[in-house]
Structures are given as structure tokens and as C-alpha cells.
Amino acid sequence: MSQRFFEQVQHAALYAKARPNAPPQLAERIINFLREKFQGELELCLDVGCGNGQCSGIFASSFRKVLATDISPAQIEVAKTLEYPQNIEFQVSPAENSPAENGSAQLVVACVAAHWFDLPAFLKDADRVLCKNGVVALTSFFLPIVVHATKSNELNAELKRFYFEILGPYWGSGIRHLENEYADFSIPYAETLRDEVWSDEEPYTLARLAVDLESWSGYQNMCRDKGESAGREVLQEYISRCLASLGTKDDPAKVELKLQRKYFLLMGRKL
Ligand SMILES: C[S@@+](CC[C@H](N)C(=O)[O-])C[C@H]1O[C@@H](n2cnc3c(N)ncnc32)[C@H](O)[C@@H]1O
């Protein structure tokens, strides 16, 4: 069964504001694997569970067309308001039944999304859509790594506490696949490969990190269950604990740190 947590327009807008774009080096790694056996034109990349296009953009310069699909009309509505290259087309569609034609795509990619799908049904549809030697790539990151001159350990511990202790009961069951980096996912092709790609360290502020946490589906589920003010309270507590760890009373918008993400990657080639 697929799980749907991103349906509200306000959640989709927050998503656009807070979520990171996938790093270009992720596209390079996936295309290098594809190019080991596919030498023809790169006509179509199908980006499934595209959100508002966080991963679609990195494939636009390599493929003639990127078809970016998501089951949430709200996510697609917001995606269409953002500035993306003209060769990206956004469409509402379930991962398990894409609008792409048989054998039309060289790449089917799902970024921070496959753990919400009905995986066997999605992989079956990906197989239908891929051409010979085409590649299906499932990728995601789990928690970002907080990088700080002196307090990295403390800040990473606070992030883990927020994820596991505060939001623990509010995560959908699919999230456990992120915690184990898709270790229990497999692609039924003879040739598969696991790898990882690190994003560059990105300058952040504590306030911006808190907005990122707000976009997490576990946080949104908590607000639906206990109300917005309970959500505000735990976010405020998170910020206060981070400020205490840093030994400062500064405005969180002025507290600088960096974030880095490890994108784990499982790829399979359709021979
Ligand atoms: C965490 S977001 C990831 C968005 C984007 N790919 C990124 O890299 O940030 C997961 C997305 O998967 C979509 N999704 C969940 N289940 C789906 C399904 N069965 N079919 C298509 N999209 C789905 C959600 O609507 C949501 O936009």
C-alpha cells in the first residue's frame, strides 16, 4: 500500500520553501551508471514522487525531457508556479501507474519518495516504462548532518531527539526504510548497485533548519493530531535546546550552521 502525507496545499508550499534541491553530483552518479551500458540519446527521465521538483531540475540539462509526477495535486500545483527549465513537465499521477509510454524512458528516478510507494507495483511500472539498458534509481537521505565549528555533536543529538523522541509516534510506517537506508529494498534486476553521494555543506541558520523540520511529514501528522499550537511548542522547545547547547540567546535567524546530506542510492539496470 502506498502512503499519502503530502496532500495539503499549505504543506506543499512549506515543502517548496524548506526542502533542499538534490545535489547535481547525484545526477552525475546516476547518469554515469546509466552510460556504462546505454549509449543512445537520453530522451526521457521520469521523476516519480517529484514533490515540487526538488530532484527534477538536476536531470533537465541531460535529458530531452523530464516528466515529473506526483500523486499530490497540491505538490504539482506548487511545482508549476516555480521556475524550472522548460523541458520539465509536471503531472499528477500515482507512482504505480505512470503516464509514460512503454519503453520510453532511459531513467526512472524516485528521490525521498520510494518509501511511500507500493514498491512492487512501482517497480513493475518502472520496468514497463524503461527501455533496454535503462536504469531505475531509488535515492533518499535520512537526517541531515549538522556541521558547526564547535557544537556539531550536540546539535546532531538534538536533531535525533526531535526525530525519534518528539515525532516518534507520528511517522508513517514507510519511514523505517529511510532509517535503514533502503537496506530491505531490492530491485529485481540481475545488475544492481548501491552507492552514496554527499551534498556539499550548505549554509543554514537555526531558524531555517526549524522550517525544514516543519515540512517533515511526522511534524505535520503531529499537528493534525494534537493541533498547531502543540506543534509550535515542540519546535520552540527544539530551538531553545539548540540555543542552550550553543550557549547563546541570539535570534535563531542569526545563528549560523551548515547542513550536509548523504543521499543513499539503489540502482538497477534493465538488461
Ligand atoms: C518527501 S516528498 C519527496 C519530493 C521530492 N522528490 C524530493 O526529492 O524532495 C515525497 C513525495 O512522494 C509523493 N508520493 C507519495 N506516495 C506516492 C505515490 N504512491 N505515487 C506518487 N507520488 C507519491 C508525495 O506526494 C510527496 O510529494
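Atoms within a ligand are numbered from 1 in the order they appear, just like the ligands themselves.
- Here's the thing with D70: one of its N/O atoms is less than 3.5 angstrom from an N/O atom of ligand 1.
- Linking Ile, Leu, Val, Met, Phe, Trp and Tyr whenever their side-chain heavy atoms come within less than 4.5 Å leaves V234 and V211 in two separate clusters.
- Among the atoms of E96, some N or O lies under 3.5 angstrom from an N or O of ligand 1.
- Hydrophobic clustering (side-chain heavy atoms under 4.5 Å, transitive across Ile, Leu, Val, Met, Phe, Trp, Tyr) groups I175 together with F164.
- The shortest heavy-atom contact between L42 and Q106 is C-OE1, 3.5 Å.
- R224 and N221 share a donor-acceptor pair across their side chains, judged by distance under 3.5 Å alone.
- Using cut-offs of 30° and 60° on the angle between ring planes, the pair F185 and Y182 is parallel.
- For the residue pair K151 and H148, the shortest heavy atom distance occurs at N-ND1, 2.9 Å.
- With ligand atoms numbered from 1 in the order given, ligand 1 contributes 21 (C) to contacts under 4.0 Å with heavy atoms of S93.
- For ligand 1, the atoms sitting less than 4.0 Å from at least one non-hydrogen atom of Q75 are 26 (C), 27 (O), numbered in the order shown with element in parentheses.
- Near W116, meaning under 4.0 Å from any of its heavy atoms, are these atoms of ligand 1: 10 (C), 15 (C), 16 (N).
- In this structure the side chain of L159 never reaches within 4.5 angstrom of the side chain of I145, judged on heavy atoms.
- In this structure, C50 counts as a contact residue of ligand 1, since one of its heavy atoms falls inside 4.0 Å of the ligand.
- Contacts with ligand 1 closer than 4.0 Å are made by no heavy atom of S217, backbone or side chain.
- Ligand 1 has an N or O atom lying under 3.5 Å from an N or O atom of C111, backbone or side chain.
- At a heavy-atom cutoff of 4.0 Å, ligand 1 is contacted by the side chain of Y15 but not by its backbone.
- Between K226 and E233, no side-chain nitrogen of the basic residue sits less than 4.0 Å from a carboxylate oxygen of the acidic one, so the salt-bridge criterion is not met.
- Between F117 and ligand 1, no N or O atom pair is found at a separation short of 3.5 Å.
- Scanning all heavy atoms of the two residues, the minimum distance from M267 to A137 falls at CG-CB, 3.9 Å.
- Close N/O approach between A95 and ligand 1 is found [any backbone or side-chain N/O within under 3.5 Å].
- Distances from ligand 1 to the non-hydrogen atoms of G53 include no value under 4.0 Å.
- In this model, a donor atom of one side chain and an acceptor atom of the other lie less than 3.5 Å apart for Q54 and N52.
- Residue-to-ligand polar distances keep P94 apart from ligand 1: every N/O pair is separated by 3.5 Å or more.
- The atoms of ligand 1 that sit less than 4.0 Å from any heavy atom of G51 are 4 (C), 27 (O).
- Less than 4.0 angstrom separates some heavy atom of S72 from each of these atoms of ligand 1: 25 (O).
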